[in-house]
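Some notes on the structure that comes next.
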Amino acid sequence: MKFPKTYTLKEISQITQAEFVGDENFSVTGINEIHVVEHGDVVFVDHPKYYNKALNSAASVILINKKVDCPKGKALLISDDPFRDFNRLSNYFKPFNPANKSIASSAKIGKNTIIQPQVFIGNNVVIGDNCIIHAHVAIYDNCVIGNDVTIHSGTILGADAFYYKNRPTGYDKLISSGRVVIKDHVDIGANCTIDKGVTGDTIIGEGSKLDNLIQIAHDTVIGKKCLLASLTAIAGCTIIEDEVTIWGQCGIVSGITIGKKAVLMAQSGVSKSIAGGKIYWGSPVTELRDRQRELISIKKLPELLKKMK
Amino acid sequence: MKFPKTYTLKEISQITQAEFVGDENFSVTGINEIHVVEHGDVVFVDHPKYYNKALNSAASVILINKKVDCPKGKALLISDDPFRDFNRLSNYFKPFNPANKSIASSAKIGKNTIIQPQVFIGNNVVIGDNCIIHAHVAIYDNCVIGNDVTIHSGTILGADAFYYKNRPTGYDKLISSGRVVIKDHVDIGANCTIDKGVTGDTIIGEGSKLDNLIQIAHDTVIGKKCLLASLTAIAGCTIIEDEVTIWGQCGIVSGITIGKKAVLMAQSGVSKSIAGGKIYWGSPVTELRDRQRELISIKKLPELLKKMK
Amino acid sequence: MKFPKTYTLKEISQITQAEFVGDENFSVTGINEIHVVEHGDVVFVDHPKYYNKALNSAASVILINKKVDCPKGKALLISDDPFRDFNRLSNYFKPFNPANKSIASSAKIGKNTIIQPQVFIGNNVVIGDNCIIHAHVAIYDNCVIGNDVTIHSGTILGADAFYYKNRPTGYDKLISSGRVVIKDHVDIGANCTIDKGVTGDTIIGEGSKLDNLIQIAHDTVIGKKCLLASLTAIAGCTIIEDEVTIWGQCGIVSGITIGKKAVLMAQSGVSKSIAGGKIYWGSPVTELRDRQRELISIKKLPELLKKMK
C-alpha cells in the first residue's frame with residue numbers, strides 16, 4: 001500500500017509511536033508485507049528468525065523489536081510491538097470508513113456497465129466498461145475491476161485477510177489495507193469470496209473464469225486464462241500461473257506456486273509448489289498417473305493381506 | 001428453450017447469420033443442447049467427433065461447421081462458428097434485461113408467500129403459494145418455484161452455467177438461456193448456488209431438502225425426496241435419481257447418474273455413474289464395505305512393509 | 001427454548017393437543033431436545049430405542065407415543081405423533097414473524113456498532129458494542145451478538161436447522177426455535193452460514209475467528225479462541241473445545257467432541273470424538289504422524305505389488 005504522498009521518517013515515527021533510527025527526513029512512501037515489499041516501504045518484523053530477511057529486503061524502513069545496526073541507506077523504527085505499530089499505520093492510512101449509501105459517491109463506474117439492484121460498492125471502487133455486477137454483490141473499499149467483467153450474485157470482493165497474531169489475550173488481527181484487483185474479461189460465479197491483500201493486491205488475471213462458491217485468500221495472484229471450478233479454496237500469498245485449470249473442491253495452501261498450464265483434478269489438495277504442464281490428483285497431490293497406480297494398488301491390498309496370513 | 005412462437009428456417013438463418021439448407025419455411029420451435037434436444041429444436045455441433053450424434057439426434061435443425069448431407073425431415077444451418085451462432089440465438093431470444101427494481105413487475109408471486117426484505121426477483125419469475133423466501137435471496141430471470149418452498153438467505157438461483165469454449169483469444173462463454181425449476185415442498189438452505197440450464201432446466205425435485213452452501217450446476221436434475229448436506233457440489237448435466245442421500249462435502253462430476261436410493265457418505269467423490277440402493281464412500285467412491293476394508297488394510301501397511309525389509 | 005412465563009401442564013396439553021398425565025397445574029418452563037434438556041423442559045421421544053433416555057433425562061415433561069408409567073416428579077404428554085406436537089409448541093412460542101423492514105424495530109444495537117448498507121436484522125436481535133456488520137449480512141430473529149464482533153458480507157446467522165423426519169409422505173421439518181449466539185471478540189468471514197439451534201443455541205465462543213464460506217450447523221458449540229479456516233463444515237450438536245485449530249475444507253460429523261487445542265490439518269474428515277492437544281490429518285483422521293507413515297507406505301505399494309508377482 002502506497003501513501004497518498006511521501007512522508008518523512010519522523011512523521012511515520014509519530015504515527016507508529018515507535019522510535020526512529022536514521023535521518024528524520026528520510027523518505028517513506030508506503031507499507032508492505034515482506035513478500036511484496038518495495039523500495040520506500042515500511043516492513044515489520046517481530047521474530048528473530050526473520051530479522052535478517054527483513055533487514056536485507058527491498059524495504060527502506062524496518063519496524064523491528066530489537067535495537068539492531070541500521071543497514072546502509074535504510075532506516076529503522078524500534079518498537080516493543082511491531083505488529084501493533086504496523087496496524088497503526090494501516091489504520092492511519094486506510095481507516096475503515098462506514099458507508100452512508102449502498103453505492104459510494106467516490107466509486108467510478110464505467111460505460112455500459114450494468115449494476116443490478118442491491119449491490120454494495122464501497123469507497124473509491126473503480127469498475128471498468130461493459131461489466132455486469134449482479135444483485136447482492138458486495139465490493140469493499142478500494143477494489144479495482146477491469147472491463148468486460150461479470151460478477152454473479154452474492155460474491156464478496158475485499159473482505160479482510162484471515163491473518164492473526166496469537167497473543168495470550170487472544171488473536172490480534174493484522175489490519176488489511178490492500179485491495180482486490182480483477183483484470184479484464186474475468187467472470188466470477190455466485191457466492192465467491194475474494195479477500196483483499198494485507199498490504200498488496202489479491203489479483204484475478206485477465207480472462208480467468210471462476211465458478212461458484214470459490215475462496216481466494218489475501219494476496220493470492222491468479223494468472224491469465226485460468227479456470228477454477230466450484231468450492232475450490234486457495235489460501236493466502238499463493239501464485240497460480242497462467243492457464244492453470246483447477247477442478248472442483250480443490251484446496252491449495254498458502255505461499256506456494258502452481259506452475260503454468262498445470263491441471264488439478266477434483267478434490268485435490270496441494271501443500272507444496274508444483275511444476276506446470278502436468279496433471280495432478282489426490283490429497284496430497286501426485287501426478288495423475290502415479291495416483292491412479294496407487295489407487296489400483298490399494299484395491300488389491302485387502303486380498304494381498306489375506307493371502308499373507 | 002422454446003421460442004415464444006414458431007419461426008421459419010429462413011428467419012433463424014437470418015438471426016444466426018448462417019446459411020440454411022432445407023425448406024425456407026421449415027418450422028423451428030426452440031434451441032437445445034444435445035443432451036436435452038427435442039423435435040423442433042436447433043442443436044449445434046462444431047467437432048467432427050459429435051457430428052453423427054447431432055445429425056441423428058431428435059433435433060430438427062443442426063447448426064454445423066461442415067457441409068454435410070441433410071438428414072431426411074431435417075434442416076441444416078452451415079456456419080464457420082456454430083458456437084458463436086448458437087449464442088446469437090440465445091442472445092436474440094433471451095437477452096439480458098437489466099432490472100429496474102428489486103422485484104420485477106413481471107414476476108408472479110403466489111398466495112401466502114412471504115418475501116423477506118432485500119430479495120431480488122428477476123423478470124418473469126414465477127413463485128407458488130405458501131413459500132418463504134428469506135432476506136438476500138437472488139432469483140434470476142425466468143426461474144420457476146413451486147408451492148410450499150423455503151429458500152434461506154443468500155441463496156442464488158439462476159446464475160450462468162460455467163461453460164466455456166477455449167479459444168486462442170480466451171474462454172468464450174456459452175450464453176445460458178435456460179432456467180432453474182424448483183418443485184413443490186423443496187427446502188434450500190443458506191448461501192447455495194443453483195445455476196440455470198444452458199438451454200434446458202436445472203431441476204430440484206419435489207420434496208428434496210438441501211442444506212447450506214451447496215452448488216448445483218447447469219442442467220443437473222435432482223429427483224424427488226433427496227437429501228443433500230452442506231458443501232456438496234454437483235457438476236452440470238448430472239442426474240440424481242429419487243431418494244438419494246448425499247452427506248457433506250461430496251463432489252459429483254458432470255454427465256453421470258446416481259441411482260435411486262443411493263447413499264453417499266461425507267467427502268465422497270463420484271466420477272462415474274453408480275447404481276442405486278447402495279451405500280458408497282471415498283474419493284473415488286467404492287461401496288462402503290470395500291472402502292472400510294481398504295482403510296483397515298492401509299492401517300496395516302506400514303507394519304507390513306517394516307516386516308518385509 | 002424457555003417460554004416467556006411458566007405454563008401449566010394443562011395449557012401445554014392444549015397447545016400440543018396431546019393428552020397429559022400428571023397434575024394439571026404442573027409447571028412447564030420450556031422445550032428442548034434431549035441433548036440440551038433442563039429441569040422444567042418438555043422433551044419429545046418417538047422411538048422405543050430412546051424412551052428410557054428421555055424418561056430419565058433432566059426433562060420435566062416427556063412428550064411420548066406410548067402410555068408408559070410416569071416417572072416420579074415428572075409429567076407426560078401422550079401423543080400418536082410427538083414430532084408433530086413438538087413442532088406445535090415451537091410454532092406457538094416462536095412463530096415465524098415476517099419482517100416489515102430490513103432492520104426490525106425490536107432489534108437492539110449497541111454503541112459504536114457500524115451496520116453497513118443492506119444488512120437484514122430480524123426481530124429481537126441483540127448486537128453489542130463496537131461491532132462491524134458488513135453489507136448483506138442476514139441475522140435472523142432472536143440471534144445474540146456480543147461486543148467487538150466483526151461479521152463480513154454475505155454471512156447468514158440463524159437459518160433453520162437441517163433436521164427432518166422421514167415420513168412416507170416426505171421429509172417433515174423439525175421447526176427450529178433456537179438461536180445463534182456469537183460471543184465477544186469473534187470475527188466471522190464472508191458468506192458463512194451458522195444455523196440456529198433446534199431449541200437451544202448454536203454458539204461461537206469468545207475470541208474465535210472464522211474464515212470465509214464456513215458452515216456451522218444447529219446446536220454446535222465452538223469454544224473460545226478457536227481458528228476455523230475456509231470451507232470447513234461442522235455438523236449439528238458437535239462440541240469444539242477451546243483453542244482448537246481447524247484448517248481448510250475439513251468436515252466434522254454431528255454429535256462429537258473435538259478436544260481442547262486439537263489441530264486438524266486441511267481436508268480432514270472427523271467421524272468420532274478425538275482427544276485434545278494433538279495434530280490430526282486425513283479422512284477419516286488419524287494422528288498426523290500415523291497419516292504421514294500411511295502415505296509413505298502407499299507410495300511404495302505399487303512397486304511392492306510388482307515385485308511380488
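So that the names make sense, note that chain A is the first sequence line, chain B the second, and so on, each numbered from 1. Since the structure is predicted, the reported quantities are computational estimates derived from the model, not experimental observations.
Here the shortest heavy-atom pairing between L231(C) and A233(A) reads CD1-CB, 3.4 Å. Of all heavy-atom pairs spanning R293(C) and D290(C), the tightest one is NH2-OD1, 2.9 Å. Residues G197(C) and S176(C) share a closest heavy-atom pair of O-CB, 3.8 Å. Closest heavy-atom contact between L301(C) and I298(A): CD2-N, 3.9 Å.
When each of G158(A), G122(A), P284(A) is scored by its heavy-atom pairs under 4.5 Å with chain C, the top score falls to P284(A). Of the residues considered (L304(C), L210(C), L227(C)), L227(C) shows the highest number of contacts with chain A, using heavy-atom pairs under 4.5 Å.
Remark: K224(C) pairs with E206(C), D242(C) by the side chain to side chain contact (heavy atoms under 4.5 Å, CB included) rule, at least two apart or across chains.
Below 4.5 Å, heavy atoms of chain A meet heavy atoms from T245(C), Q249(C), Q267(C), all part of residues 244-278 of chain C. Contacts of residues 109-120 of chain C with chain A at a heavy-atom distance below 4.5 Å involve I114(C), Q116(C), P117(C), Q118(C), listed in sequence order. Taking 4.5 Å as the heavy-atom cut-off, the residues of residues 129-156 of chain C that approach chain A are I132(C), H134(C), A135(C), H136(C), T150(C), H152(C), S153(C), G154(C), ordered by number.
Between F162(A) and H218(A), the ring center distance fails the sub-6.0 Å criterion.
Checked for salt-bridge contact, K300(C) and E303(C) miss the test: no charged N lies under 4.0 Å from a carboxylate O. D172(A) has no carboxylate O lying under 4.0 Å from a charged side-chain N of K165(A), or vice versa, which leaves the two without a salt bridge.
Residue contact with chain A, scored on non-hydrogen atoms closer than 4.5 Å, involves the backbone and the side chain of K299(C) alike. Of the two parts of I214(A), only the backbone, made up of N, CA, C and O, holds a non-hydrogen atom closer than 4.5 Å to a non-hydrogen atom of chain C.
Under the 3.5 Å distance criterion, with hydrogens and angles disregarded, no donor-acceptor pair is assigned to the side chains of T199(A) and E33(A).
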